[in-house]
Amino acid sequence: MSDMLQVARREIKMGFRNPWAYSFLGLFCTFSLGLLLINSQNVVQGYTAVTGSMLSLILYLLPLMTLFLGSFSLTSEKEEGSWQLLSTYPIGTLSFILGKYTGLFVVLLAIVAFGYGLMGMISGLIGVAFDTGTYFLFLAFSAGLVLLFLTLALVIGSLSRNRWQALTVSVSVWFFTVIGWPTFLIAILGLLPYLWIKPLLVTLTLLNPAELVRLFVVIKLGGGSVLGPEYYQWVEWIGRPDGSLLFMGVCLVWILVSILAVYWIWERGRKRG
Amino acid sequence: MKKWSALFILLMGLVIVTACGAKKYEPLAIDEAVDICVICNMQVKDDAFATQLTTKDGKNYKFDDIGCMNEWKKQNGTEEIGMDYVRDYNDKEWIEFSKASYVYDKSLRTPMAYGVVSFKDTAAAEAFVKEQGVGTVLTAEELASHEWKQNTDMMNMDMHGEDSHMDGHMSEDQEGTHSDQEMDM
Amino acid sequence: MVTTRTTWQTASRVRRALIPLILFFLIMPVSYGTVRANTKPEAIPLQPIIDAANSGDTLTLEPGTYLGPIHIDKRLTISGGGRSTLLNPSPKAEVAVLIRSDGVQLQNLNIQQDNDGEAAAVRVEADQVTLKNLSIHTAGFGIVLREASGAVITNNKIRWFIPKGSAAGTRGNGIDLYNSHGASISKNEISYLRDGIYLENSRNTKVDQNRLSYLRYGVHCMYINGSSVTDNIGEYNVTGAMVMGVKDVVVSGNSFRKQSQNVHSQGILLYDVRTSRIFNNLVEGNRVGIFMQQSSGNTLRNNLVLRNFVGIQFEGAEDNRFQRNGFIANVIEAQASGSQNNELNGNFWDSFQGLDISGDGFSDLPYAINPFYQQLIEREAAYQLFFQSPGMTFLSDMFNSGKEQWSADSAPLLQFELETGAGTGADEGGGQGPVMVVGWLLMFVSVITILYMGVLRL
């Protein structure tokens, strides 16, 4: 446990000294404020064009930021040789990975919190009516997105040999999960029999953190009916308070499975030396 | 992760294959909360007027009136239909379209005013006609040459709206020239 | 009260009770004080009183509880003074008040109909009947008109009522017209029923200034040529106005809001509507603002489409004129498929960045409606899961084939003044304060974290 905290502390320190962190911070603040100003006459509440475009912006930016910062942190351990050094100490691989995960999460959360803090402040100053529930929902949505993509980032970082490889893989994963997703799915599912489409689509959506979190927020914003009759029972389910618990459960399973995968990769690497 | 998802997809696939191999073209229950008529957008009530059809690739369409199902057939043809169902007027049991008996009368009120109701056998249909005092009993084949005229207004009659039941048949031939040729059952 | 079950069919018992009741009715104005003192809900059968009256009479009921069902077959004016309640305890009687004589007026009366299914509180089968200031609680239908022309139905309150211990049965319609032409339905308040105002085969009906909420369809019209639906307010219904199979109808000044719960919710649905005019309506916060299908030759002007998931949706709509409508803050502004020859111009689309070279306030670039998503989900409804997913937007933008056939606004309006008061937005729950406080707090915490854990050497 103390090993884990040590690793986490070190990670946070390194994270805040990383210029990448601040460039993403700047980007996030600029875009969110821009959106806020464009929509300054509108109320930010429920599922409307304002919240819809905010959702898209966050979906574009946060996963990319998380993937970059997370995977780079792991590859740099390899590149700079600090992992080789750490391996000689009696520190468990799991403590190392969990420490990394927590540390990075704190760094990313601080960036997100700064962005939202600024947004909340400015919206108060310029008099945008920002519904409290919507604000917290977005905050939770961003945190969830960061949590889930961070596990992906760790997987990428573990598998990549160096920073450039991590960069390439991160960008392709981001493109696949955020932008290319419907295109790929429609292309592939179109080849399958009709009755397969819906179950496969649902399964695959559960595997894509970007879609999973996005749909959760759309439903919680009250936009669930837009998903059509195919999903109305789910929408009703998630719309209820225990729906949030269910969603958190799914996220937890997601995180656990990926952390175990990362652990397995590193453990294998450690044994091979 | 990739291995897991591959396995999961495989499993899902298996489940689906076994699921749809077993039962095909079964009539689905009407869910009033979400089912709307594919043609006219009205909510499909879980009543005797509801109809549905399942295409050969498994798509299910529900209708609030037999006339709307007929409209769908007119637009999409009947080749792709796996099975189509109507309901018995008395006990709401699903019956195959071709095996049901029908009663038409202009004065019968149905959700989209096509005035056709369905029965599981001719006896039930004849009993209904006797009870109502109006109506013509039709088989599914005879329905193919039916005109599907909606009782939309009393325009062909005098303006006082004094429509007695039987004079509907006289105005029947004035509109609706398209008898449905595609419905070769 | 349930023990004295009299229906108007059981004539003999009525006749026996008739004489004392006539006496009672005559004495009543005199002994006003004593009747009031007797506050116990002694239900008075109403039918004998009606039977005793002559055609053309005006009956003013004393405050109290009356027993139905009643059958009015002569030209009477019955007024309840607002404090009289008519019960219909007989489960056999489908109708609490049956009106079969022309020119009857019924007003200021509370009516309670415990029977559900097809049972109605008031059923009218005669012309020129007036129903005013009634307050109806029904487990079935509210007011039903059959072959009844020229009715005037104003200021009534109709809502759903569940008798104690019985399950929610099938709700009926609030006001239901069939083959009843030229009715005027105004200023009624209808809620928690199936359809608020259902009109079938009823020409030249006026539906004006009604308030409709928590219903399946607020106004549901089928085959009602020449009618008008104006200045109604609807909230939380599945669909505000369901207009189907009509010609020459006017839908104007209505406000339909917050109809987004059901997967088929919409503000106004126009199906098979011809040569009608739809103008000055406000649709706000609905799943789909205006949905137009298989309709032609209509004019849609000056409608305000605010904060809907989908602003307007066209499917097989042809030869319609669509001008000067305002689209603000809709998640998707417009969807169109299979819709040709519509004349779209001068609408305001808030997400559209136009270019005005000529300086006339209209963009010289057209606003085209991308049909990709709609075509996709028409083929496969399961893909609705991709609604406004960033990837879907990306894919739609790449899809550009046949652009010349897309529905497009040839000259979009570039500036749009929102009238004050129109579409004031959602319930502003005083969200600014907490959000600002939390904002400060978050800033503070994050800055401290960054400084302490990252920058400072501790």
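Both backbone and side-chain heavy atoms feed into the values below; hydrogens, waters and symmetry mates do not. Proteins get letters first, then strands, A, B, ... in listed order; numbering begins at 1 in each.
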Problem - Heavy-atom side-chain contact between A/Phe16 and C/Leu451 under 4.5 Å - result: no
Practice task
Decide yes or no for A/Leu201 and C/Phe386: does some side-chain heavy atom of the first lie under 4.5 Å from some side-chain heavy atom of the second?
Solution key: yes
Completion exercise
Turns out that what part of A/Ile197 lies under 4.5 Å from chain C's heavy atoms comes down to side chain
Problem - chain C contact via A/Tyr231 - which portion, at a heavy-atom distance below 4.5 Å - result: side chain
Practice task
Measure C/Ser265 against the heavy atoms of chain A and call it side chain, backbone, both or neither at under 4.5 Å.
Solution key: neither
Exercise for the section: Counting only heavy atoms closer than 4.5 Å, note whether C/Glu380 contacts chain A via side chain, backbone, both or neither. Expected result: side chain
Handout entry: Side-chain heavy atoms of C/Gln384 within contact of A/Val226, under 4.5 Å
Key = no
Mind listing the side-chain donor-acceptor pairs of residues 175-190 of chain A below 3.5 Å, one per line with the distance, residues two or more places apart or on another chain?
unit_1	atom_1	unit_2	atom_2	d
A/Thr177	OG1	A/Val173	O	2.9
A/Thr177	OG1	A/Trp174	O	3.4

Fill in the blank from the handout: Residues of residues 48-60 of chain A with a heavy atom under 4.5 Å from any heavy atom of chain C, in residue-number order, are A/Thr48, A/Ala49, A/Ser56, A/Leu59, A/Tyr60
Practice task
Please state whether the side chain, the backbone, both or neither of C/Gln388 comes within less than 4.5 Å of a heavy atom of chain A.
Solution key: both
Problem - Heavy-atom proximity to chain C below 4.5 Å, by part of A/Met119 - result: neither
Practice task
Under 4.5 Å heavy-atom distance to chain C, tell me which part of A/Glu236 shows up: side chain, backbone, both or neither.
Solution key: neither
Exercise for the section: Heavy-atom pairs under 4.5 Å with chain A are the metric here; pick the option from C/Phe444, C/Phe394, C/Phe309 that has the most. Expected result: C/Phe309
Practice task
Look at atom OH of A/Tyr232 and say whether more than 12 heavy atoms of other residues, nucleotides or ligands are closer to it than 6.0 Å.
Solution key: yes
Exercise for the section: Sort by residue number and list every member of residues 369-376 of chain C having a non-hydrogen atom under 4.5 Å from chain A. Expected result: C/Leu376
Exercise for the section: Could you tell me which portion of C/Ile377 (side chain, backbone, both or neither) has an atom closer than 4.5 angstrom to a non-hydrogen atom of chain A? Expected result: neither
Exercise for the section: Please flag which part of A/Tyr135 lies under 4.5 Å from any non-hydrogen atom of chain C: side chain, backbone, both or neither. Expected result: side chain
Practice task
May I ask you to test the C/Leu442-A/Leu139 pair for a side-chain heavy-atom distance under 4.5 Å?
Solution key: yes
Practice task
Please indicate whether C/Glu315 has more than 12 foreign heavy atoms, meaning atoms of other residues, nucleotides or ligands, lying under 6.0 Å from its CD.
Solution key: yes
Problem - Contact leader toward chain C among A/Ser225, A/Pro229, A/Ala113, where contacts are heavy-atom pairs under 4.5 Å - result: A/Ser225
Practice task
Select all residues of residues 18-28 of chain A having any heavy atom within less than 4.5 Å of some heavy atom of chain C, and report them by number, or 'none'.
Solution key: A/Tyr22
